Amino acid sequence: MINRLRYAKAQLVLAGLLTIIPTLATRAEEASRLLIPHMVPLRSLESREWAEFPEQIGNSSLRLTFAADPKQDWTLQLRQLDVKQGWNVLLNGQKLGALERNENAQIATFAIPQKLLQTAGNLLAVEPAGHRSSDDIAIGQVRLIPYPPSQALTKATIEVQVVDDESGQSVPARITLTHLDGTLAAVGNQSTAGTAVRTGVLYTLSGAAKIKTMAGDYRVYATRGFEWSVAEQTISLQPGTADPVQLRIRRVVPTEGWVASDTHVHTLTFSGHGDSSIEERMATLAGEGIELPIATDHNVHINYTSYAKRLGADKYFTPVIGNEVTTKIGHFNIFPVVDGAETPDHTAATWDQIFENIFKTPNVQIAIFNHARDVHSGFRPFGPENHIAIAGENYLGWTVQANAMELINSGATQTNPYQLFHDWLGLLNRGHAIAPIGCSDSHDVARHFVGQARTYVRVDDRDPGQLSLEDAVRSFREGRVSVSYGLFSKILVNDQFAAGDLVPTKGTHTEVTVDVLGPAWVRAERVRLFANGRLVGSEQIDPKKGQAAGLKWTAHWRIPNPRHDFHLVAIADGPGVTAPYWPMAKAYQPTSIEWESRARAITGAVWVDGDKNGQRDSAQAYAQRLVQQHTNDLPNLLAALDAYDAPIAIQVASRLRQGGTSPLDATLNKALSNASEKVRDAFAEYRDAWRETVRTTSR
Ligand SMILES: [Zn+2]
Ligand SMILES: [Zn+2]
C-alpha cells in the first residue's frame, strides 16, 4: 500500500496555492494536460486515521488554479486513494461532484461545463464535507482532457468474454479493469439489464461485456468469487478500436455439498443507502458465485425472485426473504420470512421484546446477531461496557437469543480480526447454541462487494436455482456451516463427525483433521485448533502449499479427552487480499491507526461428549452444577475445578459474581490462594475482564 502513495514533494508544494502556468494552445486534438503529477495527502481533521499516511499532514483541502479554454468542454480526472467519507470537488465555487466514497485506488471523473470556466485563474478545490472523524486520503495525477466525458471515456472498446475453462460456456463474472499500477480505470459504460458497472468494475450475468474506456495500457481480470481462479491479461488500447479478449476461469475450490450463502445483503433500492440497485444486485450475486442470498434491508421484507427471473439470474441462486431488524440495541438478520409477512416491531426497548417479535414473524427460524462490536445508535452490543466476552456474559443481564452470529462481516471489518471469533467461543461456553456466520453487509456494487465474506452451509448444492430452504435452515440451526473470507475449512473428528455433530468419546484421545482450501490467489499461512475456546493446536502451513489452488493443507491433531464435554473449532488464516479484483476492506470503525487484513476460514463447532451422557454440556452447565454442589464451600468448589478446564472455572467465577461474590471478595481470594495455579489463573482472567467492564461503565 505504501508504495502506491507517491507523495513526492507534496508537503512543499502544498505550502502555497498551486498555480498551473497556462499553456498556449488548447485545441481539442491536444493531449490531456497533467495539472498535478504526484499524489497529495490530505487529512480532513486533526487526528491521524492510518499509520501508512504521514504523521503530519498540513492540509485538509487541495486548491489549484489553472487556465483553460472556456469555449470547450473538458473532463477532469484525478486519482484518488483511501476515500472513506464525503469530499466535494468544486470549480470556481460550484460543485462539480464528489470523490467516490471508496478506499480502493481509482480514477474519478468529472465533467466541466463550459459555463463554469474562465480563460485564466480557474480555482479547483477538493475539500471534506462535514466530517466528524478524520479521513486520510491521497489525491493527485489531476488531469484535464479536452473532451466531455461522453467522448473521453468512449475512445476505445474491449469486448470481454468470460468462459468456464472446463465447459467452454460463458459464466457470470466480475471483470476488473485497472491501469498498470493497479488503479481502477474510468469506464464509459452505464449499468444495463444484466450488468452492474462502477469505476474499473463490471459484473456481467452473461459473461460478456463491452467495456468502453480511454486509449492506453490496461490490465483486465476476470473472477467469479472465492471458488474460482482469476484470469488476467494486459492490453494496449488504441483510439477507435474494439479489442476482443477472452478470459478463461475455472472452478478450483471443491465445495460439493456446501452452498455459498451471503446472509447480509442490501440494495440501494430498498435500504436507501449504498449504491447497488436491485437489478445490479442480481448481476453481483451471480458474478461473485453466491447461491443462497438472504435479502436483509432494514426493517423491510424484500423478495428478489421476480427480479432474478426477469434478468435470467434465477438459475444461479435461490433468493431468501429476510430482514435486518435494525434496532437501537442491535441489528439482527432474520429469515426465512413468508412473502408479505408483517415486519417485527424494531422499536422495542429490550432484547426480550425484540426477539419475541422476531420469532412471532411467520416462518422465521434464524436470527443472526450482526456486527456485535460495531457502534450503532451509540450502542456497542459486545463492547466491554455491556458484555464480558471471555465468559459470554451480558453485563446488562440480557439474554442473547440469536441462534447465529456474524464473525466476519466483510463490509464492516474489525481492527482485531479475531475478536468476534473469541466472542463467539465465549458464547458457546455460556451455553448458547450459535452458528458462526460470514457475510458481506454489502450495500454497494464494487466498494464493499457482495459475497466476500460468506457462510458455507451443508445443503445439496447440485441445482443452485432450486436449493432446499428447509435443509439450509436446518443446517444453520444445527451449526452445519463454515465461515469463509478468502479461505474455506472443514473439520472432521474421529474420521466421521463434522461441524454440528456431537461426537461420542472412545478411548483416551480425539482425532481431529482440518482441511484448508482456497484459490491460488489467496494464501493460507496457519491453522489453529481451539477446544472450549482455548488454543490446543497450531500449525504453520508450508508456504508453497499455502499458495496452491483447491486443497492447500490438511492438519491432524490428537487431543487428550477430558472427563467433560468440550467443543472443537478450527480457524485458518493468511494475508489479506489486496488485488484490485477482490480487495479486502480496512477496518470500518478502527480502534487503531495500524491495520492488518487477514484472510480467514472458521469451521463450525463440533461437540465432544466427554462425560458420555449423550448431550452437549457447555462450560456454563458444568459451572452451574459445581456451584450448586458446593454451595458456601469455596475451598471445595475450587478444588473440584481441578478436574475441569479453564473455561469452566471462568464460568464459575462469573456465576459467583452474579450471585454476589465479587472477584475482589476477600474470602474468595483467600480460598484462591490455596487453589491450583490453573484455577487461580482462570479466576484472574475473569477478574481482569470484569474490571475492564467496570472501568468502561464508570467512565
Ligand atoms: Zn447493520
Ligand atoms: Zn446491514
Side-chain angles (χ1 to χ4, degrees), residues 84 101-102 261-278 280-281 284-285 288 290 292-304 319-337 343-348 351 354-355 357-358 361 364 366-383 386-387 400-414 419-420 423-424 434 436-455 476 483 485 585 587-590:
K84 183 169 183 177
R101 292 179 66 166
N102 186 323
S261 179
D262 189 340
T263 59
H264 197 155
V265 183
H266 293 280
T267 61
L268 168 66
T269 312
F270 297 109
S271 79
H273 59 121
D275 70 21
S276 176
S277 72
I278 179 75
E280 289 175 323
R281 182 54 78 216
T284 60
L285 286 167
E288 289 293 339
I290 286 297
L292 191 76
I294 321 284
T296 53
D297 280 310
H298 305 282
N299 301 317
V300 287
H301 294 149
I302 303 303
N303 190 345
Y304 289 172
V320 180
I321 306 172
N323 174 359
E324 180 166 20
V325 181
T326 307
T327 81
K328 288 203 161 91
I329 47 175
H331 296 186
F332 309 97
N333 276 345
I334 65 166
F335 64 93
V337 174
T343 57
D345 178 10
H346 61 276
T347 62
W351 286 356
I354 286 167
F355 278 94
N357 295 335
I358 282 174
T361 308
V364 167
I366 305 298
I368 302 172
F369 210 126
N370 297 350
H371 46 67
R373 287 259 168 188
D374 292 348
V375 181
H376 289 282
S377 310
F379 185 73
R380 187 196 305 267
F382 285 6
N386 299 319
H387 188 75
V400 174
Q401 291 166 67
N403 48 20
M405 165 185 169
E406 292 179 358
L407 306 196
I408 304 176
N409 177 318
S410 56
T413 57
Q414 300 280 305
Q419 181 66 67
L420 285 163
D423 290 349
W424 170 54
I434 293 201
I437 298 292
C439 67
S440 72
D441 204 351
S442 174
H443 292 73
D444 312 311
V445 168
R447 177 177 167 235
H448 298 146
F449 52 90
V450 82
Q452 187 174 37
R454 53 179 68 189
T455 308
F476 273 110
V483 173
Y485 183 50
Y588 166 63
Q589 294 177 343

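Just so it is clear, the model here is predicted, and its values are computed rather than measured. Counting starts at 1 for both ligands and their atoms, in listed order.
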Handout entry: Metal check, the Zn ion (ligand 1) vs His376 N/O/S, cut-off below 2.8 Å
Key =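 Given the 2.8 Å cut-off, His376 does not count as a ligand of the Zn ion (ligand 1).
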
Handout entry: N, O or S atom of Glu324 closer to the Zn ion (ligand 1) than 2.8 Å
Key = yes

[X] and [Y]: side chain donor to acceptor below 3.5 Å:
X	Y	answer
Asn409	His371	no
Arg281	Ser442	yes
Asn323	Thr343	no

Problem - His298/His273 aromatic ring centres below 6.0 Å - result: yes

Practice task
Establish, yes or no, whether a centroid distance under 6.0 Å links the rings of His331 and His376.
Solution key: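 Judged by ring-centre distance (under 6.0 Å), His331 and His376 do meet the cut-off.
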
Fill in the blank from the handout: Of all N, O or S atoms in Asp441, the one closest to the Zn ion (ligand 2) is OD1

Exercise for the section: With the Zn ion (ligand 2) at the centre, find the angle made by NE2 from His264 and NE2 from His266, to 10°. Expected result: 100°

Practice task
Could you tell me which N, O or S atom of His331 is nearest to the Zn ion (ligand 1)?
Solution key: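 Nearest N/O/S atom: ND1.
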
